[in-house]
Protein chains: 2
Amino acid sequence: MNPLPSHPQGDGNMPAGASGSTAGAGNLPTFSPLYQQIKALLTQSLQSGEWKPGELIPSEVELAARFKVSQGTVRKAIDELAAENLVMRRQGKGTFVSTHHEERAHFRFLRLMPDAGVPHHPDNRILDVARRSAPAEVAQLLDLKAGDAVIYIRRLMLFDGAPTILEELWLPGAIFKGLTAERLDQYKGPMYGLFESEFGTRMIRASEKIRAVGADASAAELLGVAAATPLLFAERVSFTYGDKAVELRRGLYLTAHHHYQNDLS
Amino acid sequence: MNPLPSHPQGDGNMPAGASGSTAGAGNLPTFSPLYQQIKALLTQSLQSGEWKPGELIPSEVELAARFKVSQGTVRKAIDELAAENLVMRRQGKGTFVSTHHEERAHFRFLRLMPDAGVPHHPDNRILDVARRSAPAEVAQLLDLKAGDAVIYIRRLMLFDGAPTILEELWLPGAIFKGLTAERLDQYKGPMYGLFESEFGTRMIRASEKIRAVGADASAAELLGVAAATPLLFAERVSFTYGDKAVELRRGLYLTAHHHYQNDLS
DNA sequence: TAGTGGTCTAGACCACTAT
DNA sequence: TAGTGGTCTAGACCACTAA
């Protein structure tokens with residue numbers, strides 16, 4: 001069956017043209033190019049878990065047959081997904097669902113780099129895991145209702161043994177049910193990898209606001225610096241498919257021997 | 001004349017295929033797809049000033065005829081240039097060379113946003129303009145020799161009347177000959193616009209390293225805060241075509257009512 | 001109405017990977 | 001050798017803009 005709601009194509013001999021198809025007869029009058037509709041369908045399959053992180057998705061020819069469009073149209077849809085880092089193309093092998101269990105993904109969201117030397121993976125020390133009800137401000141940023149259950153995590157990250165990042169995380173309780181300190185302690189690697197594997201929630205985009213602040217007594221002690229030491233403060237909201245917020249993260253970065261790297265273009 | 005060094009195409013009836021053409025007979029054995037070669041040629045025309053910022057470039061069909069390739073190949077080349085913000089496509093009108101004289105370009109490189117309200121253009125107050133010889137560190141970042149002539153600029157930027165950014169700039173003297181305090185004072189709008197219009201040097205990419213620091217006496221006074229107030233410190237190196245460094249900028253940002261906005265993907 | 005970029009198709013061949 | 005993504009062509013029609 002054709003999963004596309006009536007796009008103007010007949011026997012396959014007549015080009016469809018760029019006519020943005022309408023959604024059925026008398027339905028929503030949404031117009032969009034065919035490849036965008038294909039892209040949306042592919043995204044749905046990613047979101048639903050039909051194709052899981054790290055897995056191979058069907059080939060372009062197979063998808064073209066399934067959707068009854070040309071390979072070029074499927075290709076353009078996948079091109080955009082690849083540009084958004086949702087999938088990865090590998091010539092000769094196929095197209096794979098992106099995963100946070102890859103070296104290259106690790107440092108795309110960890111922007112703190114050493115001033116000298118090569119980037120290392122930090123050691124994590126979980127300080128706190130607790131189930132709480134969301135404060136108003138947290139609830140608003142996570143698109144929850146104030147008082148909804150959230151999981152609160154506090155951790156210290158050490159680079160080469162030196163405490164460098166102090167982070168607080170708030171996660172929607174409904175999604176991350178059963179996340180305990182033990183599981184966090186056992187887990188090696190980036191937290192987004194755990195979220196993806198254990199909770200089926202893959203972070204795909206984030207928005208950060210960065211400021212400079214002075215260390216309070218608690219942060220100063222944990223980071224091993226004097227009180228009022230200037231720290232970089234980053235507030236991050238992460239989103240999964242459908243622009244759904246799934247994490248609020250507030251980090252204090254010690255930038256004595258590290259810097260936040262950003263490339264503008 | 002065919003500006004492409006012998007790509008394997010005959011009478012125009014035989015598809016060229018994806019064979020990366022060699023550069024002439026017995027020349028550099030560099031292989032690259034046709035569209036990448038076209039892209040390089042287009043970039044040359046941008047760099048040389050054949051098409052100036054804001055201007056319309058030739059249409060896809062005209063370029064296809066000029067280079068003796070199909071329109072689809074030209075299209076793919078231009079697609080990449082558009083993705084890199086070197087050109088802007090406008091349906092029905094044509095493809096235009098990007099320019100810093102556009103609203104949308106202003107805030108792509110000015111990442112400091114007000115915590116509340118809409119972004120405003122800052123007022124600039126030039127504090128200092130001087131011709132100097134490049135310190136070793138500056139020379140290294142700008143890919144100059146230590147002692148080479150550089151232009152040093154110091155300025156204060158005010159948002160809604162409040163001093164918020166204190167910046168130092170180092171520019172290669174050879175490129176920005178004749179840049180005076182008067183011209184900087186007279187000029188309204190982003191400095192990159194002036195660089196582009198008056199000096200034919202267009203910034204297209206930048207790399208920033210960000211830290212938190214405490215305000216020294218001088219910065220504190222100019223920004224109207226107490227000494228040791230935490231400030232965000234951003235060191236930026238800007239590049240023009242060919243990854244040539246053309247600016248070193250060091251800014252201190254007061255983040256009491258503003259934040260550095262960054263989107264990760 | 002003419003010209004531009006935007007979409008879509010169909011078919012060819014290439015480069016790479018695995019069997 | 002078969003299958004995958006990558007490149008290239010040729011031609012059609014659509015959406016938008018301006019004269």
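Here the structure is a predicted model, which means the values were calculated and not measured. In what follows, every heavy atom counts, from backbone to side chain, and hydrogens, waters and symmetry copies are set aside. Order of the sequence lines sets the chain letters (A, B, ...), proteins ahead of strands, with each chain counted from 1.
- For T95(B), taking side-chain heavy atoms from C-beta onward, the closest of the listed nucleotides dC8(C), dG5(D), dG5(C) is dG5(C).
- The side chain of K93(A) sits closest to dA18(C) out of dA18(C), dT7(C), dT17(D).
- In the set dC16(C), dT4(C), dG6(C), dC16(C) carries the atom at the smallest distance from any side-chain atom of Q91(A).
- To the nearest angstrom, P of dG11(D) lies 17 Å from CD of E60(B).
- Residue S59(B) places at least one side-chain N or O under 4.0 Å from the OP1 or OP2 atom of dT4(C).
- As rounded to whole Å, 15 Å separates atom C1' of dG6(C) from atom CG of D79(A).
- Side chains of Y35(A) and D79(A): no donor on one and acceptor on the other come within 3.5 Å.
- At least one side-chain nitrogen or oxygen of T73(B) sits closer than 4.0 Å to the OP1 or OP2 atom of dT9(D).
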Per-residue pairing states of DNA chain D in dot-bracket (Watson-Crick or G-U under 3.5 Å; . unpaired, | other strand) read ||||||||||||||||||.
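- Judged purely by distance below 3.5 Å, without hydrogens or angles, the side chains of T99(B) and E55(B) never pair a donor atom with an acceptor atom.
- Checking dT4(D), dT9(C), dT4(C) against the side-chain heavy atoms of L34(A) singles out dT9(C) as nearest.
- Summarising the geometry, the separation between CD on E62(B) and P on dA2(C) is reported as 19 Å, rounded to the nearest angstrom.
- Looking only at atom types and distance, the side chain of Y187(A) has no donor-acceptor partner in the side chain of N124(A) under 3.5 Å away.
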Please evaluate residues D115(A) and H259(A) with respect to the criterion side-chain hydrogen bond (donor to acceptor under 3.5 Å, both in side chains), reporting the C-alpha separation (whole Å), side-chain torsions for both, the decisive distance (0.1 Å), and the verdict. CA-CA 6 Å; D115(A) 291 341; H259(A) 60 268; 2.8 Å; yes
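- Listed nucleotides dT4(D), dA10(C), dT7(C) differ in distance to V61(A); the shortest reach to its side chain belongs to dT4(D).
- Per the geometry, NZ belonging to K76(B) stands 14 Å off P belonging to dG5(D), to the nearest Å.
- Looking at heavy-atom distances under 4.0 Å, R90(B) makes contact with sugar-phosphate atoms alone, never a base.
- Cation-pi geometry between R202(B) and Y241(B) is not met at under 6.0 angstrom from the ring centre and within 45 degrees of the axis.
- F109(A) and Y192(A) have perpendicular rings, their planes meeting at more than 60° on a 0 to 90° scale where under 30° would count as parallel.
- Atom-to-atom, CG of L63(B) to C1' of dG3(C) comes out at 14 Å; the value is rounded to the nearest Å.
- Looking only at atom types and distance, the side chain of Q261(B) has a donor-acceptor partner in the side chain of S207(A) under 3.5 Å away.
- The side chain of R89(B) lies closest to dG6(C) when the candidates are dC16(C), dG6(C), dC8(D).
- Nucleotide dG11(D) holds its P atom 17 Å from the CZ atom of R75(B), rounded to whole Å.
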